[in-house]
Amino acid sequence: MSIHEECGVFGVISPKPADVAGIVYCGLYSLQHRGQESCGIVVNDDGLFTSHKDLGLVGEVFSNDVLASFPQGTMAVGHTRYGTTGASNRSNCQPIEVNHQKGRMAIAHNGNLSNAAELRSRLELSGAIFHTTSDTEIIAYIVTRERLHSDSIEEAVSRAMDTLEGAYSLVLMSPQKVICARDPFGFRPLCYGMTDDGTYIIASESCAVKAVGARFIRDVEPGEIIIFSKDGVVSRKEHCGKKEKRFCIFEYIYFARPDSVIDGISVHEARQRAGKVLADIHPVEADIVVGVPDSGLDAAIGYSIGSGIPYGIGLIKNKYIGRTFIAPDHRLDQVKIKLSAIEEVIKGRRVVLIDDSIVRGTTSGRLVSLIRDAGAKEVHFRVTAPPFMYPCYYGTDIDSQEHLIACHHSVPEIASIIGADSLGYLPIEYLKELSPGQGYCSACFDGVYPAGRPAYTGMNRFEDRISER
Ligand code: SF4
């Protein structure tokens, strides 16, 4: 698996000055799976902002000394990033901070705008100067421009949402408020909760709300803006219901943590259901079901329940390796560094191997080899997603059809390429089993883009040479 997720956002507002940086730090740790390139925290101490952002994991960027250097405050926002647009450099670290005519603002964003290039070009033609190449600065610019003619920051956010297209879950901090907003399609998750002492927590996933000791309250609705301040919590819904909900179905398959509940659906249970469907649709005579850690494990349990074939822990993951690990010596097999097979479980057995997706096929082939090398008699590969056929423009790096194996080969050909005895994908019509009763985006599987395609694509679209544009 070599797909990367987008980002994780986190916000906190406390009734009295507290170590809000420490709370954000713990929240970002729980959202580390959503982005491992860079992270940042901005603390608001009575209108004064203090920030620290850098490339690296949360535990690397925020040493004890860095955390101790933050003042106490009543509000803070944080971000953990995997860049799906814009280069991986310090200037693109979030939250982005801006000083504008009516005050300060810090903003953290998850998703990609589908009209980013047009918006940026329009802003640049009217004199705007950008310091980063990420979509987030475009949002910050539009909100601050709207703020000039609005009575409040939330009104500016609402007006900005008239202009923004695509995927965005935002947490934004002004001197006196923390505001969160989710795009009208609801592509990316966003929720909030509260601790016993009245501190509100906003996070990309409920696992982060629970991690800091807060009680989950609810998901932010698609199109909803929620304003948290010392006066309480206010919801604005003028953008709700304008679009049909299109939550990213791949969040349930791969991106989100299994202990999160998103829009009322447990990620763990959704993956188990996908495994049960695979057992029904692609049955096979086998001795053991093995999941590829992490996101294949829940589905493997589902396949085992559905098929009656025992579940076994046949693959162990190196706990200290992140999703973005790249071996310095390319002759080394990355899969072998990340995962090892337990021979005692695998040897002499017919194995059903469950993974979340096949992108280029290289990793899948190495996984099959790993299981075969451990002595498996047969390896039957089952995938909890349909074949990837199209790129994603809404905040992930499922990028080019050129590299998607399913665009160039049939299922039996892919089985042969990866060395599996059989191969079965989750049929596209069964995606609804993961998200019962709710609309979802499945554009990377069916090419139906709810928020349209950007006119100009490419991860570093604001960094290309003139001749490449
Ligand atoms: Fe998610 Fe795929 Fe839609 Fe992208 S295209 S938002 S990965 S379902």
Side-chain angles (χ1 to χ4, degrees), residues 1-9 33-35 81-85 109-116 135 164-170 182-190 204-205 219-220 222-223 243-257 260 262-263 265 267 270-271 273-274 295 299 323 355-360 383-407 425-436 438-455 457-459 461:
M1 185 73 198
S2 58
I3 292 171
H4 297 106
E5 54 276 50
E6 334 74 19
C7 299
V9 296
H33 60 289
R34 298 187 70 83
R81 177 173 196 264
Y82 172 77
T84 49
T85 62
H109 164 222
N110 171 203
N112 273 166
L113 301 179
S114 49
N115 63 342
D135 291 2
L164 306 176
E165 288 171 14
Y168 53 89
S169 281
L170 304 173
R182 195 172 171 195
D183 71 72
F185 289 103
F187 281 106
R188 300 285 154 224
L190 193 63
S204 289
E205 290 184 39
D219 294 282
V220 179
K243 308 279 185 192
E244 258 183 63
K245 188 179 174 194
R246 288 286 181 261
F247 182 67
C248 169
I249 199 72
F250 207 55
E251 290 275 357
Y252 289 127
I253 295 169
Y254 172 71
F255 293 137
R257 244 172 60 165
S260 285
I262 302 174
D263 292 342
I265 294 170
V267 175
R271 288 179 189 169
R273 283 196 296 277
S295 38
R323 281 182 178 180
D355 203 359
D356 47 68
S357 53
I358 300 179
V359 186
R360 296 177 181 216
V383 187
T384 57
F388 280 127
M389 303 298 289
Y390 302 91
C392 171
Y393 302 120
Y394 307 134
T396 80
D397 66 352
I398 304 167
D399 196 9
S400 153
Q401 285 187 310
E402 184 194 336
H403 298 124
L404 299 175
I405 192 169
C407 292
Y425 286 94
L426 187 85
I428 202 159
E429 60 272 24
Y430 284 89
L431 280 174
K432 59 180 179 299
E433 299 291 326
L434 277 82
S435 179
Q438 298 194 33
Y440 53 85
C441 172
S442 51
C444 47
F445 309 117
D446 59 17
V448 179
Y449 290 94
R453 296 174 192 227
T457 57
M459 178 175 164
R461 54 186 182 250

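The figures here come from the full heavy-atom set of this structure, side chains too, leaving out hydrogens, waters and symmetry mates. For ligands, and for the atoms within them, numbers begin at 1 and follow the listed sequence.
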Q: Side chains of Lys432 and Tyr440: does their closest heavy-atom pair fall under 4.5 Å?
A: yes
Q: Could you check whether any side-chain heavy atom of Tyr254 comes within less than 4.5 Å of a side-chain heavy atom of Ser357, counting everything from C-beta outward?
A: no
Q: Tell me, do Thr396 and Phe250 make a side-chain contact under 4.5 Å, heavy atoms counted?
A: no
Q: Report, as a single number, the protein N, O or S atoms less than 2.8 Å from atom 1 (Fe) of ligand 1.
A: 1
Q: How close do Pro189 and Phe247 get, counting heavy atoms only, and between which atoms?
A: N-CE1, 3.6 Å
Q: For ligand 1, which atoms have a heavy atom of Arg188 less than 4.0 angstrom away?
A: 6 (S)
Q: Is the distance from the ring center of Tyr390 to that of Phe445 below 6.0 Å?
A: no
Q: Charged N to carboxylate O below 4.0 Å: is that the case for Lys245 and Asp263?
A: yes
